[in-house]
Amino acid sequence: MFALLRRDLSLLLLSPGGIGLVALWAFLVGAVFMMELAGFEQAEQRALALGDPAILALLDVNDLLLASLHNNLAVTLLFLGPLLAMRAWNDGPARDWLLQRAPSVAAFVVARSVAVAVVVAVLVAVTLALPVFLASVGRPAVGQTGDIVDAGQALLAAFTVALAGTAFVVVAGAIVVVIDNVLAGALVAFLVLMIAWVAPGGSALVGPDLTTVLQLVSPATHLEAGLRGVVRAADVAFFVVVIVAAAAATTATLAGRRR
Amino acid sequence: MNDATNRTVVASVAVAVGSAVTAIGAIVALPLFGASLLGLAPLVVGALLLIGGSLLTPSSSSSSSSTSAAPSRWRVSRLAQLVGPVVLVAGLWGVRGLDVAGLEHDVTAAQTNTLAEESVAIARDIAALGTDVVVVSFVDDDRARAELATLLARYRAIAANLRFEERSAKNAADLDVARALGIAEHLALGGPNVVVVGHDDAIPPVRLRYVAELPDREQLFTNALRRATSATTTRVYLLSGHGEPDTRDEGPLGLSRLTTSLAARGVQLVPLPLSSVGRVPDDARGLVLLPALTPIDDVEQAIVVAAVDRGVPVFVAVEPDRPSPLSTRIAGSVGVDVVDDVVVDESPFAAMLGGADVANGQTQLAHAVTRSLRGALTHFPRAAVLGLTPIGDEADVVVTPLVSTGGDARAQKTKAEGPLPLLVGIDRTAPTKTRALVAADASFLSNVELGKGANSDLALNAVLWLTSTDDLIVVRPHTRTGALVFLTPAARERLSFVLLVLVPGLLLAFAAGRSAARRAR
């Protein structure tokens with residue numbers, strides 16, 4: 001199992017394609033951060049022009065900049081997740097060979113899921129440099145004291161995004177395996193994730209009961225608390241359930257084909 | 001062509017069409033129409049075509065396997081695929097349970113996601129009621145709705161009997177609810193959009209306006225919840241028995257509209273026939289003196305003066321045509337002289353708004369009485385001229401002209417030039433803590449004048465301020481330090497270069513190098 005994990009990690013992180021994906025991620029993170037920073041600086045200029053200490057006190061980098069940045073990173077993973085799944089499950093005939101040498105199908109799927117989780121965690125962990133950067137260049141607004149970056153909130157937000165990103169990749173992997181066509185599977189996975197993400201926005205079209213269901217199944221709903229620094233058991237459980245269910249579906253599909 | 005070939009052709013067409021529809025949906029429909037039927041339909045149709053086409057396409061990993069084995073393989077695979085959905089449904093059921101249980105922990109250093117102690121106390125009071133308290137929201141803005149739901153969830157974590165109903169002004173059935181709650185006409189005008197309905201029918205619902213990023217939202221809600229669940233009724237007495245306007249009179253000169261509006265805010269305007277009652281009741285949170293038709297005898301005057309001296313807040317409204325010695329005396333005691341004169345405004349603007357003898361008031365923007373009027377005009381027909389005389393220590397008495405005429409107005413006899421005060425608020429802290437209001441005109445409170453301009457809001461705010469029911473529990477929400485991030489243009493340029501060029505560029509170069517090395521091997 002560890003050999004499988006090592007192989008998948010090497011494929012996802014050290015192969016030219018894997019490094020290309022990391023480069024794309026780095027570029028997107030940089031672009032999103034620069035946009036968020038520009039937005040914050042605009043709000044800062046307006047607040048300074050008004051000169052009202054009460055308004056200056058509202059310039060919270062944690063809520064205005066970092067929470068928004070992490071939310072956008074989750075959206076980015078919505079696109080990148082299917083690409084990562086494509087990369088992970090694009091092993092063609094080699095998969096049968098790997099499956100035959102794996103202790104079990106479940107072990108194979110668990111190893112691959114752990115590999116993508118590690119990759120997503122690494123991608124998100126690198127973004128923690130941005131709060132550190134903000135803490136070094138920012139300072140409390142006029143007449144205020146204290147740290148400007150809340151380490152607890154930043155770490156929890158990164159953990160939440162990593163958990164959501166892992167769920168996206170594992171779900172995309174399950175769809176790729178079920179459809180058994182990497183390109184079409186990744187496209188369908190992107191659509192499924194996208195629809196689940198925007199589903200609560202369609203509440204005007206459905207009744208209140210269905211709205212509750214849409215909110216329950218949407219990852220966007222379960223990200224919100226984590227991004228503002230609240231650990232909610234329901235939100236963590238949601239992503240864990242999605243990961244387990246997707247891995248179970250993948251395992252069952254592969255096991256079915258093996259017979 | 002055999003069946004397999006037909007299937008391949010159909011699958012290819014389905015995948016191609018599905019891809020096109022999906023691309024159009026993602027690039028055109030979703031940005032244009034958002035999460036609506038038109039926005040989502042192409043994505044759903046595209047997804048179905050892709051799934052269907054993909055399922056019909058021969059497997060890529062097992063294309064070499066025999067065709068005859070396929071039906072059996074698919075049967076097993078499809079049954080096995082039920083495992084994932086079953087785990088998902090059962091898991092989501094559990095997530096829903098955890099959601100209801102509300103297990104959560106705030107990890108922020110300043111506990112910014114936790115209610116302030118004052119709010120917790122109010123939430124506990126609500127929990128102790130045992131009956132439902134309902135917050136009905138007609139907030140349509142998505143961001144504000146999310147903020148409101150998050151905030152109310154914190155109260156609900158303590159008070160499970162606090163219900164939250166989300167409605168929309170765009171929905172006809174919900175509009176009926178808005179009408180029943182008395183805010184239907186306000187919704188279109190940007191007025192109150194949230195109503196807090198308490199457990200007791202005797203307590204009127206509390207209406208408030210919620211917009212996104214409201215800095216003092218916790219204080220707003222804590223006070224709204226307190227008012228909607230607090231059974232204390234504020235009584236303001238109107239001196240009567242001398243031909244003063246009647247609180248039940250629905251005619252143009254009556255006060256029925258003011259009485260009803262105040263009742264909706266938890267304030268009862270009660271007639272006080274002093275000749276028969278003989279005293280100002282102890283529960284008086286205010287006393288209103290309006291122009292009388294018959295003289296008020298000395299005994300009654302003495303009772304009123306004694307009540308004002310012991311700190312009962314008083315609202316004196318005078319009329320130049322009906323001078324009242326009692327009103328003049330009370331106004332004088334709080335530093336406002338009632339001059340025997342009338343305000344006139346002969347400017348073309350005033351002529352357009354009601355004539356020379358209608359004084360148009362401009363409001364003091366910073367005061368609690370007039371802040372919510374946002375500078376809206378008020379109208380005072382035949383207003384008396386008021387003069388301000390300093391009394392007592394400046395530190396003990398704050399006299400504020402809440403509404404004044406414009407510069408074009410003047411006193412008819414004395415020729416004093418505007419701005420002239422039309423409504424004066426007095427906040428006194430010594431020798432007794434009390435408040436007083438003196439209005440240059442009494443008719444602005446009448447049914448016929450109350451609907452003009454911002455007169456109604458002014459009258460309501462004035463009485464609420466007088467009785468101190470505008471007092472809020474001061475809630476100190478847990479907040480964090482505001483921050484300033486300054487980057488020079490050069491520093492921003494360097495940062496952009498590192499994030500957008502250097503890091504991705506180095507990674508791509510590394511990828512290209514590895515790829516070339518692999519090919520060389």
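Heavy-atom basis, side chains included; hydrogens, waters and symmetry copies ignored.
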Residues, nucleotides or ligands: over 12 heavy atoms within 6.0 Å of [X] [atom1]:
X	atom1	value
A:Asp147	CG	no
B:Arg492	CZ	yes
B:Glu493	CD	no
B:Arg96	CZ	no

Next on the checklist: Looking at every non-hydrogen atom in both residues, tell me the closest pair between B:Val485 and A:Gly138 and how far apart they are.
Outcome noted: CG2-CA, 4.2 Å

Item to check | Heavy-atom closest pair, residues B:Val107 and A:Gly152 | outcome: CG2-O, 3.7 Å

Checklist entry - Contact part of A:Gln153 toward chain B, heavy-atom cut-off under 4.5 Å: side chain, backbone, both or neither? => result both

Checklist outcome for this item: When the 4.5 angstrom heavy-atom criterion is applied to A:Thr251 and chain B, the contacting part is neither

Checklist entry - Where on B:Ala491 is there a heavy atom nearer than 4.5 Å to chain A: the side chain, the backbone, both, or neither? => result neither

Checklist outcome for this item: Bottom line for B:Leu506: the part with an atom under 4.5 Å from chain A's heavy atoms is neither

Let me have the donor-acceptor pairs involving side chains of residues 28-40 of chain A, under 3.5 Å, with sequence neighbours excluded, atom names and distances please.
{"unit_1": "A:Glu36", "atom_1": "OE1", "unit_2": "A:Ser68", "atom_2": "OG", "d": "3.0"}
{"unit_1": "A:Glu36", "atom_1": "OE2", "unit_2": "A:Ser68", "atom_2": "OG", "d": "2.9"}
{"unit_1": "A:Glu36", "atom_1": "OE2", "unit_2": "A:Asn72", "atom_2": "ND2", "d": "2.6"}

Identify which of [options] forms the greatest number of heavy-atom pairs closer than 4.5 Å to chain B.
options	value
A:Leu130, A:Leu64, A:Asn62, A:Leu183	A:Asn62
A:Leu14, A:Asp63, A:Val149, A:Leu65	A:Leu14
A:Leu216, A:Val217, A:Ile148	A:Leu216

Next on the checklist: Could you measure the distance from the CG atom of A:Asp60 to the OG1 atom of B:Thr112? Nearest 0.5 Å is fine.
Outcome noted: 7.0 Å

In residues 227-249 of chain A, what donor-acceptor pairs under 3.5 Å come from side-chain atoms, sequence neighbours left out?
{"unit_1": "A:Arg228", "atom_1": "NE", "unit_2": "A:Glu224", "atom_2": "OE2", "d": "2.6"}
{"unit_1": "A:Arg228", "atom_1": "NH1", "unit_2": "B:Asn113", "atom_2": "OD1", "d": "3.2"}
{"unit_1": "A:Arg228", "atom_1": "NH2", "unit_2": "A:Glu224", "atom_2": "OE1", "d": "3.4"}
{"unit_1": "A:Arg232", "atom_1": "NE", "unit_2": "B:Glu104", "atom_2": "OE1", "d": "3.4"}
{"unit_1": "A:Arg232", "atom_1": "NH1", "unit_2": "A:Asp235", "atom_2": "OD1", "d": "3.0"}
{"unit_1": "A:Arg232", "atom_1": "NH1", "unit_2": "A:Asp235", "atom_2": "OD2", "d": "3.3"}
{"unit_1": "A:Arg232", "atom_1": "NH2", "unit_2": "B:Asp99", "atom_2": "OD1", "d": "2.3"}
{"unit_1": "A:Asp235", "atom_1": "OD1", "unit_2": "A:His222", "atom_2": "ND1", "d": "2.9"}

Item to check | Pick from B:Leu487, B:Val503, B:Asp142, B:Leu508 with the largest number of heavy-atom pairs that fall under 4.5 Å of chain A | outcome: B:Leu487

